[in-house]
Amino acid sequence: MNKPRLYSGMQPSADSLQAGNYIGALVQWRDLQQAYDAFFSVVDLHALTQPSIPDELRAKTRRTAAQYIAAGIEPSQSTLYVQSHVAAHAELTWILSTITGFGEANRMTQFKDKSQRYGNENTTVGLFTYPVLMAADILLYQTDIVPVGEDQKQHVELTRDLAERFNSRYGTAFTVPRAVIQKETARIYDLQNPTSKMSKSAESDAGVLWLLDDPAITKKKIMRAVTDSEGAVRFDRENKPGVSNLLVIYAALSGRQVPAIEDEYAGRGYGDFKKGLADVVIGEFGPVRERALALLDDPAELDRMLAANAARASEVAERTLADVYDKVGL
Ligand code: ADP
Ligand code: NA
């Protein structure tokens, strides 16, 4: 059996993942892992492009891995590993950077956004070459599909260009991957600021639902979510972004359709709707949180599992890297 290969990852940039990471990524990863030979990475090398404290980064990396597993990624079925445990990522990045045009890299809109936010002082060469590291991540595993958010589409395009360029210049070493862009309905917005995407790195976390939040906090955040003055539980992204976002979260976590939820709450107030949503979110996140905390209670076992998975990833990655070194004349 030769299943197509899938690659995806997240940065360990917070102690907990947020509802958008769960709905927009983890749930889909979990569902895809049967049909694909899946590699899921905790991309700690990428996380270094933001200022971070060493012990905190290590802890966030473990916590992120624990949440992958708690959400249903099976380390016996998928390869779930920490990026820095596989040296080939950094090595292939160098080779790929020698075939990446400076102007080409300079066109990446995420770099423009991030460098503006980070300011001169924190805008590093690493932040600039981040997409080349991402290309190496994907190409090392002969990946067929890369499930990503819309914001990563340009990086996957660059990855395809680099793969094709290398293959035609030196001989075929890489599978040319394809991005699978997440559905718009899987996009979750900040509860306090429902036109900007919920994010691990939001400036304030008042509108962020953390997977590992205490249920009482989750409930409080939902009860305080921004709505509107109409008082009707009705989906209208443009005029009612707050309520629409809550409906999308409700639907995603309950497996129900938005119109059915609208019907259920017809003629009832936002208070009732928010209480119902809090029950749904806590019902789904509660067991995930419990499992993650249990895994984190035994860090030695978690580390052992991650090491075994990194060995599996290395085997595949080293094969690609050896071929690449050979082809370029190293
Ligand atoms: P964050 O902004 O929380 O740091 P990342 O950029 O690390 O998120 O993204 C990790 C994964 O989670 C990606 O697959 C991304 O598409 C998904 N994701 C992140 N935020 C959201 C969101 N608000 N809604 C849906 N998916 C999201
Ligand atoms: Na699998």
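Counting starts at 1 for both ligands and their atoms, following the listed order.
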- For ligand 1, which atoms have a heavy atom of M198 less than 4.0 angstrom away? 20 (N), 21 (C), 22 (C), 23 (N)

- Message: Test your reading of the model: is there a side-chain donor-acceptor pair from D37 to the backbone of K3, 3.5 Å cut-off?
- Response: no

- Does even one non-hydrogen atom of N21 get within less than 4.0 Å of ligand 1? yes

- Note on the structure: Note: A19, heavy atoms under 4.0 Å from ligand 1, region reported as neither

- Message: Taking the ring centre of each residue, are Y141 and H89 less than 6.0 Å apart?
- Response: yes

- Protein heavy-atom partner closest to atom 14 (O) of ligand 1 - residue, atom, separation in Å: A25 CB, 3.7 Å

- Message: Quick check: Q18 and ligand 1, any N/O pair under 3.5 Å apart?
- Response: yes

- Item | Per-atom contacts, ligand 1 versus R187 - under 4.0 Å to a heavy atom | 24 (N), 25 (C)

- Mark yes or no: K114 above the aromatic ring of F128, with NZ or CZ under 6.0 Å from the six-membered ring centre and no more than 45 degrees from the axis. no

- Message: Need the ligand 1 atom indices (1-based, order shown) with element for anything under 4.0 Å from a heavy-atom of G149.
- Response: 16 (O)

- Within a distance under 4.0 Å of any heavy atom of G24, pick out the atoms of ligand 1 and give their elements. 25 (C), 26 (N)

- Which ligand 1 atoms are under 4.0 Å away from a heavy-atom of Q182? 16 (O), 25 (C), 26 (N)

- I188 heavy atoms within 4.0 Å reach ligand 1 at atoms 22 (C), 23 (N), 24 (N), 25 (C)

- Query: Considering only protein heavy atoms, which is closest to atom 25 (C) of ligand 1, and at what distance to one decimal place?
  - Reply: A186 O, 3.0 Å

- Can any side-chain N or O of R312 pair as donor or acceptor with the backbone N or O of S78 at less than 3.5 Å? yes

- Please round to the nearest 0.5 Å and tell me the distance separating atom CG of L32 and atom CD of Q28. 7.0 Å

- Task: Can you label the angle between the F285 ring and the Y22 ring as parallel, tilted or perpendicular, going by 30° and 60°?
- Result: perpendicular

- Task: Spell out, as yes or no, whether a donor-acceptor pair under 3.5 Å connects the side chain of S52 to the backbone of L48.
- Result: no

- Please say whether D151 places an N or O atom under 3.5 Å from an N or O atom belonging to ligand 1. no

- N/O to N/O below 3.5 Å, does that happen between G20 and ligand 1? yes

- Message: Just so I know, are the side chains of R58 and T61 near enough to count as touching, which here means a heavy-atom distance under 4.5 Å?
- Response: no

- How about K274 and L246: do any of their side-chain heavy atoms sit closer than 4.5 Å? yes

- In this structure, atom 6 (O) of ligand 1 is nearest to the protein heavy atom K197 NZ, 4.2 Å

- Result for side-chain contact (heavy atoms from CB on, under 4.5 Å) between I217 and one of K220, K221, K219 points to K221

- Of K200, M10, E150, which has the heavy atom at the shortest distance from atom 7 (O) of ligand 1? K200

- Under a 4.0 Å heavy-atom limit, does S199 contact ligand 1 with its side chain, its backbone, both, or neither? both

